[in-house]
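Predicted, not measured: the structure shown is a model, and the values here were computed from it.
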Amino acid sequence: MSSVHTFYADAVLFDMDGTLTDSIAAVEAAWGKVAKDIGQDPAYVIAATHGKRAVDNLAQFKPSIKSHEMDAEVQQFEETILFFADAYRIHGPGSAVPSHPISSPLSPLSSGETTPELVMSPVNSLPPSRTSSFAALDSRRPSFASRLNGRLAMSAVPEASIYDERLVDNPILEQDEDMLTFQPEAKKHCMEAWQIEATSVDRAVRILPGVRKMIDSIPKGRYAVATSGAKTYAHGCMTRVGIVPPEVTITADDKRLKAGKPAPDPFLLAARELGYTASNCVVFEDSPSGIRAGLASGATVIAVCTSHERKQIEHIGAHFVIENMESVGCEPCEDGRLRFTVHL
């Protein structure tokens with residue numbers, strides 16, 4: 001039986017991936033690649049990393065990275081995520097379909113690393129912490145394993161057309177996008193097997209249901225984003241789906257943070273930067289670690305079942321558990337507060 005609940009708050013603190021955007025397929029591919037590089041089971045690494053900062057995950061799984069190298073490693077990893085997200089549209093079959101301009105870092109093209117096998121091995125694996133790559137999209141996003149067998153036999157597979165040779169080792173800025181058109185006679189470059197595979201699967205970033213309406217209903221300066229992604233990834237994901245990163249966007253590489261989720265620090269900092277106390281804010285989250293961070297901050301937590309099955313997050317303690325943001329309404333009140341209506 002459905003029910004309607006109403007409450008009031010001063011501001012909204014959004015997680016990003018799995019809450020505002022869906023880049024899970026690209027993120028899983030990138031962590032699967034890390035797993036392959038270090039000889040770990042991709043299922044284990046993917047399950048262990050969701051909702052946590054890349055810096056913390058890389059420190060755990062690649063302890064050989066020195067502290068002064070970490071910022072560069074995080075940026076390279078996040079550029080790899082965005083490469084997986086964009087490869088189908090820019091280098092693969094999706095390039096023939098008109099789409100809205102998005103930015104596309106290409107620096108991973110120069111990597112000499114191999115493709116991961118994203119096989120969920122039942123041996124020595126953690127159970128997957130979320131619905132892998134969103135079940136509804138599975139038919140459009142085949143696993144690495146299903147496409148990789150033939151490709152790994154190729155040490156370097158020619159020939160992916162690159163539009164301009166000078167772009168190969170440099171991130172493409174959004175304003176450069178209009179330069180990028182396929183030139184059949186352009187000089188061709190070799191791509192590694194993982195990059196070739198990336199071009200054959202659509203892992204594009206997508207905006208999640210109800211997000212646009214929710215953001216548009218909140219007055220400017222009354223919402224923030226607090227994400228476990230660093231700036232490259234966070235801003236890249238949001239701009240790809242038409243979300244303008246709010247002025248207060250707390251990313252994992254913010255030096256003011258002493259700890260990431262599940263610690264409450266990101267949400268506490270976001271609320272403080274907005275000029276409110278976290279206990280008077282609403283947190284939207286999708287991951288167990290993020291839900292715990294929101295609860296620890298004292299905020300009212302709304303958990304969305306966009307990346308995890310309900311049974312995986314409903315016991316954590318969120319005040320409300322909903323399918324997606326279409327179940328929540330927000331409207332400003334005359335007294336300045338925000339009125340939320342939750343349909344359960």
Side-chain angles (χ1 to χ4, degrees), residues 5-22 50-53 129-130 207-211 213-215 217-219 221-229 234 237-238 243 245-252 254 256-308 310 312-332 337-344:
H5 299 261
T6 300
F7 67 95
Y8 298 84
D10 290 332
V12 182
L13 311 176
F14 292 109
D15 171 53
M16 187 195 70
D17 196 38
T19 301
L20 299 178
T21 64
D22 163 16
H50 186 60
K52 301 176 184 177
R53 299 185 301 175
S129 65
R130 60 184 182 277
I207 193 167
L208 286 167
V211 168
K213 181 179 179 181
M214 176 59 67
I215 289 178
S217 70
I218 306 172
R222 301 292 291 276
Y223 68 92
V225 168
T227 175
S228 295
C237 280
M238 286 188 279
I243 297 174
E247 183 176 347
V248 178
T249 296
I250 307 301
T251 56
D254 192 313
R256 294 171 295 178
L257 292 175
K258 294 182 179 179
K261 303 172 187 177
D265 301 37
F267 290 127
L268 293 173
L269 178 58
R272 187 165 67 247
E273 289 296 299
L274 287 176
Y276 301 101
T277 59
S279 60
N280 292 328
C281 293
V282 178
V283 162
F284 282 90
E285 262 287 358
D286 71 299
S287 71
S289 63
I291 294 169
R292 293 186 178 98
L295 292 170
S297 75
T300 298
V301 177
I302 300 179
V304 290
C305 301
T306 47
S307 64
H308 291 70
R310 178 179 291 269
Q312 295 175 303
I313 60 175
E314 63 184 356
H315 65 282
I316 298 175
H319 298 84
F320 303 98
V321 181
I322 58 175
E323 292 305 308
N324 55 54
M325 284 191 207
E326 290 182 336
S327 299
V328 184
C330 174
E331 57 181 336
R337 295 182 300 167
L338 301 176
R339 180 177 184 267
F340 290 87
T341 304
V342 183
H343 298 265
L344 300 176

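With sequence neighbours left out, the side-chain contact (heavy atoms from CB on, under 4.5 Å) criterion links Ala296 to Pro264. The side chain to side chain donor-acceptor pair (under 3.5 Å) search around Arg310 returns Glu323, not counting sequence neighbours. Qualifying side chain to side chain donor-acceptor pair (under 3.5 Å) partners for Arg292, counting only residues two or more places apart in sequence or in other chains: none. Qualifying side-chain contact (heavy atoms from CB on, under 4.5 Å) partners for Ala226, counting only residues two or more places apart in sequence or in other chains: Ile250, Pro266, Phe267, Ala270. For Ala271, the side-chain contact (heavy atoms from CB on, under 4.5 Å) criterion is met by Leu13, Ala278, Cys281, not counting sequence neighbours. Ser279 pairs by the side-chain contact (heavy atoms from CB on, under 4.5 Å) definition with Thr277, not counting sequence neighbours. Under the salt bridge (charged side-chain N to carboxylate O under 4.0 Å, His left out) criterion, Glu326 pairs with no residue, sequence neighbours left out. Residues satisfying the side chain to side chain donor-acceptor pair (under 3.5 Å) criterion with Asn324, sequence neighbours excluded, are absent altogether. Remark: Phe320 engages His5, Phe7 in a ring-ring contact (aromatic ring centres under 6.0 Å, His included) (not counting sequence neighbours).
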>> For a side-chain contact (heavy atoms from CB on, under 4.5 Å) check, start with the C-alpha distance between Met16 and Met238, then their side-chain angles and the critical distance, and finish with the verdict.
In response: CA-CA 8 Å; Met16 187 195 70; Met238 286 188 279; 3.9 Å; yes
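Separation of atoms CZ (Arg256) and CZ (Arg272) is listed at 7.5 Å; rounding is to 0.5 Å. Residue Leu208 holds its CG atom at 13.0 Å from CE of Met214, rounded to the nearest 0.5 Å. Distance check, rounded to the nearest 0.5 Å: CD of Gln312 to CG of Asp286 gives 11.0 Å. With rounding to the nearest 0.5 Å, the separation of CZ in Phe340 from OG in Ser217 is 7.5 Å. Rounding to the nearest 0.5 Å places NZ of Lys52 at 7.0 Å from OG of Ser289.
Under the side chain to side chain donor-acceptor pair (under 3.5 Å) criterion, the residue pairs touching residues 257-267 are Asp15-Lys261, Lys261-Glu285, with sequence neighbours excluded. Residue pairs satisfying the salt bridge (charged side-chain N to carboxylate O under 4.0 Å, His left out) criterion with at least one member in residues 275-284, sequence neighbours excluded, are absent. Identified under the ring-ring contact (aromatic ring centres under 6.0 Å, His included) test for residues 284-305, with sequence neighbours left out: Phe14-Phe284.
The closest donor-acceptor contact from the side chain of His343 to the backbone of Ser327 lies at 3.5 Å or more, if one exists at all.
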